[in-house]
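Shown next, in structure tokens, is the structure this report addresses.
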Amino acid sequence: MKITIAKSEKEFDCIAAWQIIGEILNKPEAVIGLSTGRTTGNLHRMVGEIYSCYPFNTSAVTFFGLDEVVNVPREYAGACYTMLKTEIIDALGIKDENFLMLPTVSDDFGKACRAFQEEIAKRGGIDLLILGLGENGHLGFNQPHSPLGGDAWVTKMNPELEERIRRETHPPPEKELGGVTLGIKNIMQARRIVLVAKGSNKAEAVKQMLEGPVTSDVPASVLQLHPDCEFLLDVASAAKLSEK
């Protein structure tokens, strides 16, 4: 288990951005998973900024999103598809066929989840997965008490998260939001993982993730068992750790 504590936001974003770029340079046909949220937006944009100054070959790389909001159009500002397109995908010139996302609307989410998993597997599996950490220890839309051996699935949205999404992106009030996500088992199958967390509001979750027991109460705690996972933190999110 490797823990890196960045001393500034710029250093944090730069370290994370170069994890993505380095994976592409090392393996041009890499399959890379991305997460959306307040922690990842700037690091995604930094990848695009570096690419604009020092272009590298992105023609064979596959990007995918870890999760998606359901019951909204893909063009909705809060959809993970739109956020990733805006933050990084378009900036790198990624072709539509190399940007994989779970659907926001489907008549059969179970079938869509299976097809998503199969397409990732067909491309060789996940080489690098960038994960954000929820304040309650969630990964993607795998909330506390989600099955640690689960595949991709449709979940209910945490009320606090739904409130924040509504506040920040203003979906129609009559729309009931939900989430669809890769499961914990899928996450653990990634060859390499970088978990990113910053801010004092994540400090307790970081402590439970790294120093508590492996439990479905804190889904991110399962990452203690991954053979190649780096935890990238800032000073504030690492504040409650016993050893820094």
Side-chain angles (χ1 to χ4, degrees), residues 16 20 23-24 29-41 43-45 47-48 51 58-132 134 138-143 146 150-158 161-162 165 168-169 171 175-187 189-191 193-194 196:
I20 296 171
E23 188 68 35
I24 298 170
E29 71 281 10
V31 177
I32 299 175
L34 302 173
S35 301
T36 56
R38 291 171 291 184
T39 303
T40 56
L43 73 88
H44 291 160
R45 284 183 279 270
V47 174
Y51 176 80
T58 61
S59 62
V61 66
T62 295
F63 282 103
F64 70 88
L66 174 69
D67 53 5
E68 184 57 279
V69 179
V70 303
N71 204 25
V72 296
R74 265 193 164 176
E75 296 74 25
Y76 159 61
C80 299
Y81 172 87
T82 293
M83 286 191 280
L84 290 175
K85 284 275 286 182
T86 302
E87 293 169 359
I88 183 171
I89 298 301
D90 288 346
L92 297 184
I94 304 301
K95 296 175 288 188
D96 288 346
E97 58 265 33
N98 286 342
F99 177 39
L100 310 179
M101 291 295 297
L102 287 156
T104 59
V105 178
S106 175
D107 293 330
D108 188 341
F109 274 108
K111 181 178 179 181
C113 286
R114 290 189 295 272
F116 187 65
Q117 292 177 182
E118 289 167 4
E119 185 60 32
I120 290 173
K122 188 168 73 174
R123 295 179 186 230
I126 305 168
D127 292 298
L128 171 65
L129 180 56
I130 307 295
L131 290 175
H138 72 250
L139 297 174
F141 282 119
N142 296 287
Q143 299 293 341
S146 296
D151 287 312
W153 63 312
V154 180
T155 73
K156 290 189 175 182
M157 190 174 290
N158 176 274
L161 179 60
E162 179 175 358
I165 290 176
E168 293 177 356
T169 59
K175 291 288 188 181
E176 181 182 354
L177 302 184
V180 61
T181 183
L182 284 184
I184 299 294
K185 184 176 81 173
N186 308 128
I187 289 171
Q189 289 171 341
R191 295 183 184 89
I193 294 174
V194 178
V196 295

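Within the structure, side chain to side chain donor-acceptor pair (under 3.5 Å) pairs that include any residue of residues 91-112 comprise Asn98-Arg123 (at least two apart or interchain). Each ring-ring contact (aromatic ring centres under 6.0 Å, His included) pair with one or both residues in residues 65-89, not counting sequence neighbours, appears once here: Tyr81-Phe99.
In this structure, Ile88 and Tyr51 have side chains that are not in contact, with every pair of non-hydrogen atoms separated by 4.5 Å or more. Annotation: side chain of Leu43 is in contact with side chain of Ile20 (closest heavy-atom distance under 4.5 Å). The shortest distance between side-chain heavy atoms of Leu34 and Phe64 does not fall below 4.5 Å. The closest side-chain heavy-atom distance from Val31 to Leu100 is not below 4.5 Å. Annotation: side chain of Gln189 is not in contact with side chain of Ile126 (no heavy-atom distance under 4.5 Å).
For Val70, the side chain to side chain contact (heavy atoms under 4.5 Å, CB included) test picks out Phe109, Val180, with sequence neighbours left out. Gln117 is linked by a side chain to side chain contact (heavy atoms under 4.5 Å, CB included) to Asp151, Ala152, Leu182, Asn186, counting only residues two or more places apart in sequence or in another chain. By the side chain to side chain donor-acceptor pair (under 3.5 Å) test, Arg191 is found to be paired with Asp127, residues two or more places apart in sequence or in another chain being considered. For Asp67, the side chain to side chain donor-acceptor pair (under 3.5 Å) test picks out no residue, with sequence neighbours left out. Scanning for salt bridge (Lys or Arg N to Asp or Glu O under 4.0 Å) contacts around Arg74 gives an empty result, with sequence neighbours left out. Partners of Asp90 under the side chain to side chain donor-acceptor pair (under 3.5 Å) rule, at least two apart in sequence or in another chain, are Lys85. Partners of Glu87 under the salt bridge (Lys or Arg N to Asp or Glu O under 4.0 Å) rule, at least two apart in sequence or in another chain, do not exist in this structure.
With hydrogens and angles ignored, the 3.5 Å screen pairs a side-chain donor or acceptor of Thr58 with a backbone N or O of Leu92. A donor-acceptor pair under 3.5 Å is absent between the side-chain atoms of Glu68 and the main chain of Pro103, judged by distance alone. At distances below 3.5 Å, at least one donor-acceptor pair connects side-chain atoms of Thr40 with backbone N or O atoms of Ser35. Listed for the Thr39 side chain is no donor-acceptor partner under 3.5 Å among the backbone atoms of Gly132.
For the atom pair Ile94 CD1 and Leu84 CG, the distance stands at 11.5 Å (nearest 0.5 Å). The distance from atom CG of Leu131 to atom CG of Leu139, rounded to the nearest 0.5 Å, is 5.5 Å.
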Query raised in the report: Can you list the steps and then say if Thr62 with Glu119 is a side-chain contact (heavy atoms from CB on, under 4.5 Å)?
Result: CA-CA 11 Å; Thr62 295; Glu119 185 60 32; over 6 Å; no
Report task. Mind running side-chain contact (heavy atoms from CB on, under 4.5 Å) on Phe141 and Val154 for me, showing each step along the way? Result -> CA-CA 8 Å; Phe141 282 119; Val154 180; over 6 Å; no
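Here the shortest heavy-atom pairing between Met83 and Ala77 reads CG-O, 3.6 Å. For the pair Cys113 and Trp153, the tightest heavy-atom approach, listed with the atom from each and the gap, is SG-N, 3.7 Å.
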